[in-house]
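See structure below.
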Amino acid sequence: MSLFSDLYNTLAKFFRTSDEQIDASKSVATNRLKLVLMQDRTNLTPKILEQMRSELIDLLSRYVELDKDLLDLNFEQEGNQVALMLSIPVIRAKDEDEIEAAIKEHEKAMIAISQQNDENESDENSEIEESNDSSEIINAEEDDSTDPSMDISSKSMKNKDKKEVSAPEEIGNNPFKSDNMDLSEILETSLEN
Amino acid sequence: MTGRVIVITSGKGGVGKTTTSANIGTALAKSGYKVVLIDTDLGLRNLDLLLGLENRIVYTIVDVIEERCKLKQALVKDKKNPNLQLLAAAQTRDKTAVNAEQLKEICETLKEENDFVLVDCPAGIEQGFQNAVAGASEAIVVTTPEMSAIRDADRIIGLLATKEEITSVKLLLNRVRPSLIKSNEMMSVDDVVGILEIPLVGIIPEDTGIITSTNKGEPIVNDENALAGKAYRNVAQRILGEEIPFLDLDEPKGFMAKLKNAISKLKVKV
């Protein structure tokens, strides 16, 4: 049998169209196109993707200690599907106590934020930001040092960026800056229910 | 009579909208239907050239809208086929000279006395596109098997989906090169249809005859021997509701090609 298949393969190679060699060009185009259309068709702008990323970091870092700089969120082609790929480099798993503490801290922060929100509802935006800053300092111990480019909300506050770079331990990577208020509100209402 | 208003659009320029309009229009007229072609590419008119009517144009669509002439006066009859008429675009004006409401009104008037009103849309997604689709109830999206053209077509399909008046959107795949598809250097018809997910109305092979037919100002559907002409005639038949199989463009020609094809099929079984 093997003699026949050897013979067949040799013959087939001779007659074979050069499909295999240039297969790449067309499938590369198809795959690239599928990816770009996926992005075109959704409304996920880079800004929203970045927000999704920073919210994911906040959520995940309650449970594991992760390398925020290397966290990677991207659309990728997986066979015939386009998948949202999240790669999370884990430094170490947190133990139960740490996780519990982090969750409690998070809940406390949310309540604090929503209370401040209620109080300042009629006030101007700048005041809300200021009051949020104070809550950030309270939570700073819990948070790891931050990369300002990670947090979209920090981009909108350029002066603060510099502060964060020079003294990251002073102002932590707090998830509840003004841009993220909507999410915390939503989370809170769903908790109440 | 109430005719059908079909817009021929693509997003990207240079994929063959105007050629498609001229050929489908001519083919439908040859089948005995009354057809009006409207060129809505103000400032960049070309449909008159493809039909060989550039010397007969007196009034344009802008003259009609600004009431310098009656609609009937602006319609130019084709040299060969009186069933086919052209409403030319103004060459000296831009897209702002016409608005969607005015174009819709023209389409409404024309479809009362014609079987088909084909609107040749300009490239892009701005005012010109919005004008062209305003009066239409059907759309043919022209694309080629290239990434940029497909991406733009996808955008256009998305925009057409937001138009309530448009009830049918079909795909015409132009400039297909079977030899490149065969060697996997070009996306196949199935690839493109799989991505854009709208029904196919035609597959037009790349044909050098298009160049000579454009040179002469005579649509290629008039050439009985040209493959692209046959493909366009099939498109017209499909628009008329007939079930016409798509041309088999992959058929190997020589003996060696057939042998190769047979052997490459065998390979799968072992």
How long is the gap from [atom1] on [X] to [atom2] on [Y], to the nearest 0.5 Å?
{"X": "B:I181", "Y": "A:K26", "atom1": "CD1", "atom2": "NZ", "answer": "8.5 Å"}
{"X": "A:T30", "Y": "B:N184", "atom1": "OG1", "atom2": "CG", "answer": "9.0 Å"}
{"X": "B:D191", "Y": "A:L33", "atom1": "CG", "atom2": "CG", "answer": "10.0 Å"}

Looking only at heavy atoms, the pair that brings B:R151 and A:V36 closest together is NH2-CG2, 3.2 Å
Closest non-hydrogen atoms of B:M147 and A:R32, given as atom of the first, atom of the second and distance, are CE-CB, 3.6 Å
Near [X] [atom1], under 6.0 Å, is it more than 12 heavy atoms from other residues, nucleotides or ligands?
{"X": "B:R175", "atom1": "CZ", "result": "no"}
{"X": "B:R155", "atom1": "CZ", "result": "no"}
{"X": "B:E242", "atom1": "CD", "result": "yes"}

Bottom line for B:M187: the part with an atom under 4.5 Å from chain A's heavy atoms is both
